[in-house]
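Everything below concerns the one structure shown next.
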Amino acid sequence: MTKKATTLTAAQKSPRTAAPTIFELRIELQNIAPKVWRRVAVPHQLSLGQLHEIIQSVMPWDNSHMHTFADGEQQQYADPSQDLDGAEDEWTVKLRDVPSEDSPRLLYIYDFGDEWRHLITLLKAGPGDANTRYPICLAGKSAAPPEDCGGPPGYANMLEALADATRQDHSHYLEWIGSWDPETFDLESANKRLGNEA
């Protein structure tokens, strides 16, 4: 559905010599409990299309649904293949232009049916470490919800069913979700998906 982030792949594998300007971002899913968030450090010159692929990797999602970004002015940014009216091409917009210190937040919506809303907050900006490969996931909490579980309301219902063995749908969810644990986040796996292995 989206273009391959060839520039991102090249940046990940480049020699550890440059120290680019780095944005530290917090990406938090809205309207769900337990809280699900990731903290990432990324080069500020990445496109929003590349940021989309980073979010897909660290949550992780499987990139099987449409998505969009929106800034504080409600300008939308999306992949042009999605044909969203009024949306700018996310591959031509640089992260350094949105968000900014004056407007440090950006909204990312994934899956227009389930509507997973991610609040992206710029925590700080500064020079990078020449010995660190970027992008990198620095921290996180909880697992992302399963794809196609019905958005925040469906996710809440699923967690309630899994916790209550007397519910009729308990066994259905157990069979569907397997050994998935909503409280688990694996930082090492997130960085492997980014192509950033120790």
Reported CZ-to-NE2 distance for the pair R167 and H172, which is rounded to 0.5 angstrom: 10.5 Å
Nearest heavy-atom pair of W91 and P80: which atoms, and what distance? CD1-CD, 4.1 Å
Heavy-atom side-chain proximity of N196 to P135 below 4.5 angstrom: no
Are F69 and L29 in one and the same hydrophobic cluster, where Ile, Leu, Val, Met, Phe, Trp and Tyr link if side-chain heavy atoms are under 4.5 Å apart? yes
Side-chain heavy-atom pair T21, P43 within 4.5 angstrom cut-off: no
Is there a side-chain hydrogen bond (donor to acceptor under 3.5 Å, both in side chains) between W61 and H118 once you walk through the steps? CA-CA 12 Å; W61 300 115; H118 306 67; 3.0 Å; yes
Assess whether atom NZ of K94 is packed by more than 12 heavy atoms of other residues, nucleotides or ligands within 6.0 Å. yes
Ring geometry between W176 and Y173 (parallel below 30°, tilted from 30 to 60°, perpendicular above 60°): tilted
Ionic contact status for E28 with R38, cut-off 4.0 Å: no
Who clusters with L119? Use side-chain heavy atoms, under 4.5 angstrom, across I, L, V, M, F, W and Y, and order the result by chain and number. none
Can you tell me how far the CZ atom of R96 sits from the CG atom of L46, to the nearest 0.5 Å? 10.0 Å
Take D79 and H52, measure what side-chain hydrogen bond (donor to acceptor under 3.5 Å, both in side chains) needs, and give me the verdict at the end. CA-CA 10 Å; D79 190 286; H52 154 71; over 6 Å; no
Would you give the length of the straight line joining atom CG of L48 to atom CD of E88, rounded to the nearest 0.5 angstrom? 9.5 Å
Taking atom CG of L194 and atom CD1 of I136, what is their separation to the nearest 0.5 Å? 8.5 Å
Angle class for the Y155/W116 ring planes (parallel below 30°, perpendicular above 60°, tilted otherwise)? perpendicular
Heavy atoms, side chains only, cut-off 4.5 Å: are L187 and L138 in contact? no
When rounded to the nearest 0.5 Å, the distance separating NZ of K35 from CD of E183 is 13.0 Å
Apply side-chain hydrogen bond (donor to acceptor under 3.5 Å, both in side chains) to N63 and Y110, showing your working. CA-CA 9 Å; N63 204 15; Y110 172 64; 5.6 Å; no
